[in-house]
Number of protein chains: 2
Amino acid sequence: MAIQRQSLREQIETEVMNRVGAGDFDMGESINEVTLSADLGVSRTPLREALISLSQQGVITRISGKGFRWAPISERDFAEAVQIIAALECLALELSPADELNVIAPRILDAAKAFTATEALAEEVNSHDDDFHELLLSKCPNRRLLETIASHKVALRRYEKFFVGAKDRVERAATEHSAIANALIAKDLSAAQAALTANWLNSTSRIGKAMASKEGAKAAV
Amino acid sequence: MAIQRQSLREQIETEVMNRVGAGDFDMGESINEVTLSADLGVSRTPLREALISLSQQGVITRISGKGFRWAPISERDFAEAVQIIAALECLALELSPADELNVIAPRILDAAKAFTATEALAEEVNSHDDDFHELLLSKCPNRRLLETIASHKVALRRYEKFFVGAKDRVERAATEHSAIANALIAKDLSAAQAALTANWLNSTSRIGKAMASKEGAKAAV
DNA sequence: TCCCATATTTCTGTATACAGTATACTGAAC
DNA sequence: GTTCAGTATACTGTATACAGAAATATGGGA
């Protein structure tokens, strides 16, 4: 049994990010360390350490003397992160040994198709999406690269709540992911990269619309 | 007058990195928080916060329960970081508005040539190198990207000491940088990207040799 | 001499305490 | 009513204290 005593700081980091994903915090607002630490049932020390870690990942901004603040969200901010992730995932594909990529290509296609089978539960869709990308990059030998990608994806969790309502999300993802997988099966790396980039960049415009409509709904209340 | 009271944590971070660049620490070894904080004349709290920040940048690794450790250096580790930086700087060029890039292209060439004029003082060479890349990316509108690139470059400071002895470094850099600049002047973005990538990847093989010779010198003592 | 168990020390991870700065509030002058 | 000064409060940044886990040293038995 592999009980891995996780440090409080790490637990706090994941818990905070779960709450961020659930939309429990107002992005752009400042963070009260005392309140939050009390809410989590821990002291300020490990909380601050977790917040510093998250600020390095772009989830939080820190202003000297004024403490921490949830990094504001915007379509532009989302686009910036996505541009980086897309480029890095393309690099990861490029660095993956071609033969190993061929071996897993069919499985990647399966993962892409698995989408359509799911019910539209938001969490389940997220999980499938993560699985797909994880499998896609699983043969990349550059571990630092994989860590960097993961780090940037953390920042995107601030936008999770905007995804829940998207009806056509499942179909789109399945289509786009299948395109990537098929390109890999055809041993066409640059086509796979193009499809992968398209997959990411498309999400930007989707988010833009989702944010606009949610903002409208919010204003109506 | 713009006095900006810097937090202790930030000062520690820069001081620690300066010492890393100077080769004051043995990479791969564990970090004693008490000793280091006493040496810096601060308490453990801001030191730990700085170390956490640096661990996010890949300068330090942390093992639960065993504290911090200087991330080991190796040619492979260097190569991993360089692959990422090269890809991200290429992306930054791609995202820079073409017209703005044209405007600064001559200045970029000047910066490339400025190299040859310098004496071979290690610090001055580093500074020129940084200036060149900073100017090159100055028109990139994706701020997150620029921060990410900077973050990865911090990790490379662990290898600074291996650069000092390189005689031909100045000429090589001048040549490679000029190639980048000339491609930009010719409005050939992909050629510029190729030259930029080559510039970075070349540094990997150079580091490999430098590490081998320094290691040999160390073993001889 | 080597190995293992136990004791001791060291060090990390977390909580608490304190100081100084930023913010909010109150009240008086205009 | 508005503006400014002065005071009180809240909060961050840093230092210190404490508990528990690792690492190291000590000693006895094979």
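If you're wondering where the values come from, they're calculated on a predicted model, not measured in any experiment. Reminder, nothing fancy here: chain letters follow the sequence lines and each chain counts from 1.
In this pair, Phe78(B) and Tyr159(B) present their aromatic rings perpendicular. The plane angle is above 60°, beyond the 30 to 60° band.
For Arg44(B), the salt bridge (Lys or Arg N to Asp or Glu O under 4.0 Å) partners are Glu33(B), not counting sequence neighbours. The side chain to side chain contact (heavy atoms under 4.5 Å, CB included) search around Glu94(A) returns Leu189(A), Gln193(A), not counting sequence neighbours. Residues passing the side chain to side chain contact (heavy atoms under 4.5 Å, CB included) test with Ala79(A) are Thr204(A), sequence neighbours excluded. Qualifying side chain to side chain contact (heavy atoms under 4.5 Å, CB included) partners for Leu146(A), counting only residues two or more places apart in sequence or in other chains: Leu137(A), Cys140(A). Looking at residues two or more places apart in sequence or on another chain, you find a side chain to side chain contact (heavy atoms under 4.5 Å, CB included) between Thr61(B) and Arg69(B), Ala71(B). Residues meeting the salt bridge (Lys or Arg N to Asp or Glu O under 4.0 Å) test with Asp129(A), sequence neighbours left out: none.
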Just list the side-chain donor-acceptor pairs under 3.5 Å for residues 12-22 of chain B, sequence neighbours left out, or say none.
residue	atom	partner	partner atom	Å
Glu13(B)	OE1	Ser53(B)	OG	3.2
Glu13(B)	OE2	Ser53(B)	OG	3.3
Glu13(B)	OE2	Gln57(B)	NE2	3.2
Thr14(B)	OG1	Gln11(B)	O	2.9
Glu15(B)	OE2	Arg19(B)	NE	2.9
Asn18(B)	OD1	Arg157(B)	NH1	3.4
Asn18(B)	OD1	Arg157(B)	NH2	3.4
Asn18(B)	ND2	Thr14(B)	O	3.4
Arg19(B)	NH1	Asp39(B)	OD2	2.9

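At the heavy-atom level, Ile31(A) lies under 4.0 Å from the strands shown only through sugar-phosphate atoms.
For the pair Leu36(A) CG and dA10(D) C1', the interatomic distance rounds to 16 Å; values are reported in whole Å. Regarding Glu13(A), its CD atom lies at a distance of 14 Å from the P atom of dG13(C), rounded to whole Å. To the nearest angstrom, P of dC11(D) lies 15 Å from CG of Leu51(A).
When the side-chain nitrogen and oxygen atoms of Asn32(B) are compared with OP1 and OP2 of dC11(C), one or more of them lie within a distance under 4.0 Å.
A rotation axis mapping the C1' atoms of four pairs onto the next four is fitted at both ends of the helix from dT1(C)-dA30(D) to dC30(C)-dG1(D) over five pairs, and the angle between these axes is 10° to 10 degrees.
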Distances for protein N/O vs nucleotides 13-17 of chain D N/O pairs under 3.5 angstrom?
residue	atom	partner	partner atom	Å
dG13(D)	OP1	Gly65(A)	N	3.3
dG13(D)	OP2	Arg48(A)	NH1	2.9
dG13(D)	N7	Arg44(A)	NH2	2.8
dG13(D)	O6	Arg44(A)	NH1	3.0
dT14(D)	OP1	Leu8(B)	N	2.5
dA15(D)	OP2	Ser43(B)	N	2.9
dA15(D)	OP2	Ser43(B)	OG	2.6
dA15(D)	O5'	Ser43(B)	OG	3.4
dA15(D)	N7	Thr45(B)	OG1	2.8
dT16(D)	O4	Thr45(B)	OG1	3.3

